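Structure first, then comments.
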2 protein chains.
Amino acid sequence: MVTIYDIAKKANVSAMTVSRVINKSEKISEITRKKVEAVIKELNYIPNNSARNLITKKTKILSLMITDIGNPFFTSVARGAEDKAMQMGYQLLLCNSDENFEKESKYMDMLISTGSDGVLIAPANDNSKKNMKKLTKHGIPFVLIDRRIPDIDCDQVLSDNEATTRRLIEHLIKQGHRKIAIINGPLVVSTARERQQSYIDTLKIHGISVNNDLIKESHFRDSDVTNSIQELLNLPESERPTAIFATNNFIGMNTMKILYRHNIKVPEEIAVVSYDVPNYTENESILTVAEQQAYNFGYIGIQLLIERIEGAAPEKARKIVLPSEIHLRASSLNQRD
Amino acid sequence: MVTIYDIAKKANVSAMTVSRVINKSEKISEITRKKVEAVIKELNYIPNNSARNLITKKTKILSLMITDIGNPFFTSVARGAEDKAMQMGYQLLLCNSDENFEKESKYMDMLISTGSDGVLIAPANDNSKKNMKKLTKHGIPFVLIDRRIPDIDCDQVLSDNEATTRRLIEHLIKQGHRKIAIINGPLVVSTARERQQSYIDTLKIHGISVNNDLIKESHFRDSDVTNSIQELLNLPESERPTAIFATNNFIGMNTMKILYRHNIKVPEEIAVVSYDVPNYTENESILTVAEQQAYNFGYIGIQLLIERIEGAAPEKARKIVLPSEIHLRASSLNQRD
DNA sequence: TATATTTTTGTTATCGATACCATATTTGAA
DNA sequence: TTCAAATATGGTATCGATAACAAAAATATA
C-alpha cells in the first residue's frame with residue numbers, strides 16, 4: 001500500500017508537506033504542490049482514512065438508519081440522503097432496523113464503533129430513545145426523520161400528520177362516509193399515534209362517534225391486513241365501514257389487494273384512502289393517497305445533520321415540518337361527482 | 001472518549017488483556033474476563049475501529065455500488081445485500097452511481113480511502129473496467145452483479161439474459177406477433193447487449209427478419225420512452241409493431257403509461273412484455289414480466305464476496321447465473337386464449 | 001520438590017495520518 | 001543592505017488499537 005511517506009520520499013519533501021497538499025492548505029508554494037500532486041497521481045496514492053480518522057476524530061461517514069430499505073418510501077428517503085451526502089463529500093452507511101429495536105441497537109454499536117460523524121434516523125419505535133441517549137453520550141449528532149420520540153429534543157424533519165390525516169378524513173366525510181375504519185401501524189410509533197389521534201379528533205369534530213371496532217392495529221412492514229379486513233367485513237351491516245384509511249403504503253396496497261380478493265368494489269362498496277402508495281405500475285393509480293416528501297426527509301435531514309456536525313447550526317434544535325400532497329383519485333370519489 | 005487504556009486501568013490489567021477480551025481470544029482466565037467485561041459494560045466502552053483498522057487492515061465494511069437506489073430492482077438487491085452483510089457482521093456503505101462512470105469513480109476513491117474490505121458492484125457500464133482495475137491494484141476483492149464487464153474475470157452473480165429474453169420473445173411469437181419492437185437501455189451495458197442479441201437471435205431462429213426501425217435505445221434510468229414510442233407509432237402500418245419488449249422496469253412502466261396516454265389498447269393493439277416491473281399497487285398487475293432474483297443478487301453476491309475476503313473461496317472465479325421467472329399476464333395474452 | 005510445560009498476562013513497536021511547535025526560506029520595509 | 005514579518009517546510013509526538021515477542025503464573029511431570 002502506498003502511504004504518505006512513499007509520496008514524501010519520492011517528492012523529496014516531508015510527510016507533513018504532502019499532508020498539506022492533500023488537505024488543500026494554502027501555505028504551500030505552487031511549485032511543491034505541483035511536484036507532490038504529480039507523485040500522488042503517479043503512484044495512485046489514496047489516503048488511508050483509518051489513520052486520518054484516528055487523529056482527526058472525523059470519518060466523513062454518516063449513518064442512515066431506516067426501518068426498511070424495501071419500502072419505497074424509505075427508498076426515496078435514501079435517495080435524498082445519498083444525493084446530499086455525496087454532494088457534501090460524505091459517505092453513507094446503510095442501516096436497516098426492520099422496525100426492530102434490537103436490530104437498531106446492534107447497528108448503533110457498529111456505527112459508533114465505525115465512528116460515524118452523525119446519524120440520520122427514522123427510529124424503530126419509542127424504545128429507540130435509549131439509542132438516542134447512547135448517541136448523545138458518545139457525542140454523535142443525530143437528526144430524527146419521519147418519526148419523533150417523546151422527550152427527545154433534537155433536529156427533526158417530520159410530516160404534518162395531524163393536518164394531512166384531517167384532510168384525508170374530511171375528504172371521506174365530504175363524500176358522505178360516516179363509518180370510516182382505520183388500519184394503522186403499531187402505536188409505539190409516533191406517526192401511527194398522530195394519525196390515529198387526528199383520525200379520532202376529526203371524526204369527533206364532525207359529530208361522528210368513534211367506533212373502536214373500526215380501529216385496527218397492523219404493521220408498517222409485513223403488514224398482513226387479511227384479518228383486520230375480515231373482521232371489518234364481519235361486522236353487522238350497521239357498523240360495517242364504507243371507507244378505510246390506511247396509514248402507510250404497504251397497508252394501503254394490501255388493503256386494496258384483499259378487498260379485490262373479496263370481490264368488493266372500490267369505491268362503491270368501500271372507499272379507500274392511504275398514505276404514500278407509489279405509482280410504480282402500468283396505468284394511473286386509482287388510489288387516493290397523501291404523498292409525503294420522502295426525498296426531502298432524506299435530503300433536508302442530511303443537510304441539517306451536516307450543519308450540526310460542522311458547527312454551522314444554531315444551538316436550538318430545529319424542527320422542520322414538510323406538508324404532504326393529497327392526490328384525489330377514484331378509490332375515494334363518488335361516481336356522481 | 002473511553003479507550004482501551006481506560007478499561008485496562010480500571011480493571012487493573014494491561015491493554016493487551018482487554019484487547020483479548022474484546023476479540024474473544026480463549027487465552028484468558030475466566031476471572032479476568034468477567035472483570036474486564038464488567039468494566040467495559042460499566043464505562044459503555046465501544047472499541048475505536050479506526051485504530052483497529054489501521055493495524056489490522058480490515059474494516060468490516062463492504063461497499064454496495066448500484067446504479068440507482070430509487071429503482072425497486074436495486075432496492076431488492078440492497079435488501080439482500082444488507083441482510084447477508086448484517087448476518088456476517090459487516091456494514092454496508094451505499095454508493096449510487098446513477099449509471100454514471102464519473103460518479104462511480106468518485107465513489108471508488110472514497111471507498112478505497114475508507115478501507116472497504118470488498119465491493120459488490122453493479123457497474124455503470126463497460127467503462128467501469130477501469131474502476132475494477134483500480135480495485136485490483138489496491139487489493140480489494142469485488143463481486144460483479146447483474147452486469148458483466150468484458151475481460152474482467154471475477155466472481156459474478158448474473159441473470160440468464162439469453163434464455164429469459166428468448167422465452168419472452170418466443171411467447172410473443174407464439175401469440176402470433178411478428179413485428180416485435182424492443183426498447184432497450186444503452187448498449188454500453190452488458191445486460192442491454194445480451195437482451196438485444198437474444199432478441200435478434202430468437203427472431204432469426206423463427207424466420208422473422210429483424211427490422212432496425214423496431215430497435216430503440218433508451219435509458220435504464222430516467223427512461224423517457226415518449227420519443228421511441230412516437231417513432232414506433234409513426235411507422236407505416238406494415239411495419240408498425242404489434243408487440244413491445246421493454247428491457248427493464250422503468251422502460252416497461254413508462255411504455256405502459258405512454259401507450260395508455262395514446263389510448264392504445266394493451267394487448268389488443270400492442271402487446272407488452274417487460275423485465276422486472278414490481279407489483280406495488282392496488283390491483284394485480286396486467287403486465288407480463290420476467291422477474292429476476294434481485295434479492296439473491298445481493299444476498300448471494302455478498303456471500304461470495306465475504307468468502308473471497310476471508311479466504312474461503314476457491315482460487316478460480318465463480319459465476320452464478322440465476323434464472324428469472326416469467327409471469328404471463330394480460331398485457332401479452334390474446335383474448336381468445 | 002524441582003523442573004518442564006502450558007496457560008495467562010504484560011511490554012514495546014507499529015499501523016498512517018495530522019497536530020503542534022520549530023525552523024528555514026522568502027518577501028518587504030527601512 | 002539589514003532586519004522584521006510573512007510564508008513555506010520539517011521534526012516529533014500522538015491518536016487507539018493489535019502484533020510480536022517476553023515474562024510470569026499455574027499446572028503437570030518426573
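Naming: A, B, ... by sequence-line order, numbering from 1 per chain. None of these values were measured; they are calculated from a predicted model.
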Compare every heavy atom of A/Leu120 with every heavy atom of A/Phe297, then report the nearest pair and how far apart it is. O-CD2, 4.4 Å
Look at B/Arg79 together with A/Asp68 and state whether they make a salt bridge at an N to O cut-off of under 4.0 Å. yes
Check each residue of residues 29-49 of chain A for a non-hydrogen atom within less than 4.0 Å of any atom in DNA chain C, then write out the ones that pass by number, or none. A/Tyr45, A/Pro47, A/Asn48
Quick check: on DNA chain D, is the nucleotide nearest B/Ile55 upstream (toward 5') of the one nearest B/Arg20, or the reverse? Name the residue that is more 5'. B/Ile55
Kindly state which residues belonging to residues 5-15 of chain B come within less than 4.0 angstrom of DNA chain C, counting heavy atoms of the residue only, listed by number. B/Val13, B/Ser14
Minimum-distance pair of heavy atoms, taken over all atoms of B/Thr67 and B/Phe74: OG1-CE1, 3.1 Å
So does B/Arg148 pair up with B/Asp153, basic N to acidic O under 4.0 Å? no
Would you call A/Glu37 and A/Lys34 a salt bridge, taking side-chain N to carboxylate O under 4.0 Å as the test? no
The first and last nucleotides of DNA chain C lying within contact of chain B, meaning any atom under 4.0 Å from one of its heavy atoms, run from C/dT8 to C/dG16
Hits for side chain to side chain contact (heavy atoms under 4.5 Å, CB included) against B/Asn127, two or more places apart or cross-chain, chain-then-number order -> B/Phe101, B/Asn125
Please report the C-alpha distance between A/Tyr107 and B/Met86 in whole Å, then the side-chain angles of each, then the deciding distance to 0.1 Å, and finally whether the side chain to side chain contact (heavy atoms under 4.5 Å, CB included) criterion is met. CA-CA 9 Å; A/Tyr107 260 123; B/Met86 179 54 155; 3.7 Å; yes
Salt-bridged, B/Glu82 to A/Lys103, with N to O below 4.0 Å? yes
To the nearest 10 degrees, how far apart in direction are the end axes of the helix from C/dT1-D/dA30 to C/dA30-D/dT1, each fit to five base pairs? 40°
So which pairs with a foot in residues 38-53 of chain B pass salt bridge (charged side-chain N to carboxylate O under 4.0 Å, His left out), sequence neighbours left out? B/Lys10-B/Glu42
Under the salt bridge (Lys or Arg N to Asp or Glu O under 4.0 Å) criterion, do A/Glu99 and A/Arg147 qualify, and how do the steps go? CA-CA 12 Å; A/Glu99 305 274 357; A/Arg147 304 168 176 192; 3.0 Å; yes
Shortest non-hydrogen contact from A/Tyr90 to A/Ile61? CD2-N, 4.1 Å
